[in-house]
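Naming: A, B, ... by sequence-line order, numbering from 1 per chain.
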2 protein chains.
Amino acid sequence: MIDETTARDAVVRAADELFYTRGVQAVGMDAVRTAAGVSLKRIYSLFASKDELIVAVLHHRTTIWDAGLATTSERATSARERILAIFDFLDAWFREPDFRGCAFINTHGELGATSSAVADAVREQKRTFQEYVARLVADVGAPAALAPQLAILAEGAQTTAAIAGTPEAAHQARAAAETLIDVAMTGRG
Amino acid sequence: MIDETTARDAVVRAADELFYTRGVQAVGMDAVRTAAGVSLKRIYSLFASKDELIVAVLHHRTTIWDAGLATTSERATSARERILAIFDFLDAWFREPDFRGCAFINTHGELGATSSAVADAVREQKRTFQEYVARLVADVGAPAALAPQLAILAEGAQTTAAIAGTPEAAHQARAAAETLIDVAMTGRG
DNA sequence: TACAGTAGAGAACGAACGTTCTCCGCGCAA
DNA sequence: TTGCGCGGAGAACGTTCGTTCTCTACTGTA
């Protein structure tokens, strides 16, 4: 038998892909079992319920998102570039063939009303992202009010790209971000 | 018996409220029947399937959204004000106690992957909104590139407010919009 | 070899859902 | 009044789903 950590990881990864592609409620635990290659009995020994698995998947997504953001920002040479790198990261993501919007936003829309655990996990992720943006804004020396504006642009780009099915929202949001940063830095806004 | 138009309207209104509050898949047709006061048999004579009802609800939401936007924009005295009125409209909406985000975004996240009819209806609504913004941007005499930036701000404000459960994203987006408009009008962006 | 414990495969179970069907009552034509 | 057709209420049906249970096979030990 494979060890607990490996099994858990396999289940979360399989569920993540299925949930993201088809939506959470459209995926039965049988499908997760098949995709993960882990028996239902084992899955239910690792997670008390589907709800708990959903939350684990959201946490997994958070890790991936944070890592992707960190990697993209490493290439940036200035604080300003590090902010704009967010939108380059989004652009690359939107172009992936299986891009289907932000999993957190999607899951919140689907289950946020009925599962407070899901709502909490999503809110937590968004809060972390906003804090990340706030740190970058502080680094660049702009007023703190700029941060939520940039975060809203990033959120809006994600839903716009998801619904339209095209990636151009990333560079539109990036252009807006550049304007907002420049204005904030020169005190005009 | 109530006439067809009235019955249809009652079903759509009841379904709209239930779907928006709990999510689409969390609401059974029995709940729609009870809330609308229309028998299942009648509902299925008005709508071929739940999918068809969902699309009808989305169209109903589109009408409400368009009307709300038009009402808010009537109070504006200039083209610039008419653009900013969008964010005032959002602000008022976010403060409603049962605000739960944009129904189109939520439904797309829930069913967009499995129902192309839903995906189409949502895409259509967002396209209409973008055209509305583009018209206002043309009226104010700003470059066309401003329009998608403002639309992204509006989308981002909706998801941010929905997940955070607080309304401040509206005025943050409004402030960003003011900056973007001003820069676009003076040719600085 | 015999046995105990464990895990996998998937059958089974109870609930919920979308959809259809049955039964009953009402209004209307003759 | 009698018969007919339509609509309402909700029971029924078949499916799907989350979760649990059963049965079998295998591993390690004496």
Taken to the nearest whole Å, CD/Gln25(A) to P/dA16(C) is 15 Å
Please find out if less than 6.0 Å separates the ring center of Phe89(B) from that of Trp65(B). yes
I need the CG-P distance between Asp30(A) and dA12(C), as an integer number of Å. 14 Å
Would you mind telling me which residue lines up with the more 5' stretch of DNA chain C, Asp51(B) or Gly37(A), judged by nearest nucleotide? Gly37(A)
Going through the distances and angles, do Asp139(A) and Arg80(A) end up as a salt bridge (charged side-chain N to carboxylate O under 4.0 Å, His left out)? CA-CA 8 Å; Asp139(A) 287 351; Arg80(A) 185 176 186 278; over 6 Å; no
Give the rounded distance in Å between these two atoms: CD1 of Ile54(B) and C1' of dG18(C). 11 Å
Could you check how far CZ of Arg33(A) sits from C1' of dT19(D), rounded to whole Å? 12 Å
Counting primed atoms plus P, OP1 and OP2 as sugar-phosphate and everything else as base, spell out the protein contacts along nucleotides 20-28 of chain D at 4.0 Å heavy-atom distance: B, S or - for each nucleotide, 5' to 3'. B-B------
Tell me, with the steps shown, if Arg174(B) and Asp91(B) meet salt bridge (charged side-chain N to carboxylate O under 4.0 Å, His left out). CA-CA 9 Å; Arg174(B) 189 195 150 110; Asp91(B) 185 70; over 6 Å; no
With sugar-phosphate meaning primed atoms plus P, OP1 and OP2, does Val32(A) contact a base, only sugar-phosphate, or nothing at under 4.0 Å between heavy atoms? nothing
Identify whether any heavy atom of Ser45(A) sits under 4.0 Å from a base atom; if not, whether one sits that close to sugar-phosphate; answer base, sugar-phosphate or nothing. nothing
Nearest-Å distance for atom pair CG/P, residues Leu46(A) and dT19(D): 14 Å
Exactly one candidate in Val11(B), Ile43(B), Thr34(B) meets side-chain contact (heavy atoms from CB on, under 4.5 Å) with Met29(B); the answer is Ile43(B)
Could you tell me the separation between the CE atom of Met29(A) and the C1' atom of dC13(C), rounded to a whole number of Å? 17 Å
Check every atom of dG8(C), dT19(C), dT19(D) against the side chain of Arg42(A) and return the nucleotide holding the closest atom. dG8(C)
Would Arg127(A) count as a cation-pi partner of Tyr132(A), with NZ or CZ less than 6.0 Å from the six-membered ring centre and within 45° of the ring normal? no
Please walk me through it: do Arg13(A) and Asp16(A) pass salt bridge (charged side-chain N to carboxylate O under 4.0 Å, His left out)? CA-CA 5 Å; Arg13(A) 280 173 195 274; Asp16(A) 180 37; over 6 Å; no
Within this structure, what is the CG-to-P distance between Leu18(A) and dC17(D), rounded to whole angstrom? 12 Å
Under 4.0 Å between a side-chain nitrogen and a carboxylate oxygen: does that hold for Glu155(B) and Lys126(B)? yes
Among dT19(C), dG8(C), dG8(D), which is the nearest nucleotide to the side chain of Ser39(B)? dG8(D)
Take atom CD1 of Ile43(A) and atom C1' of dG18(D), then tell me their distance rounded to the nearest Å. 12 Å
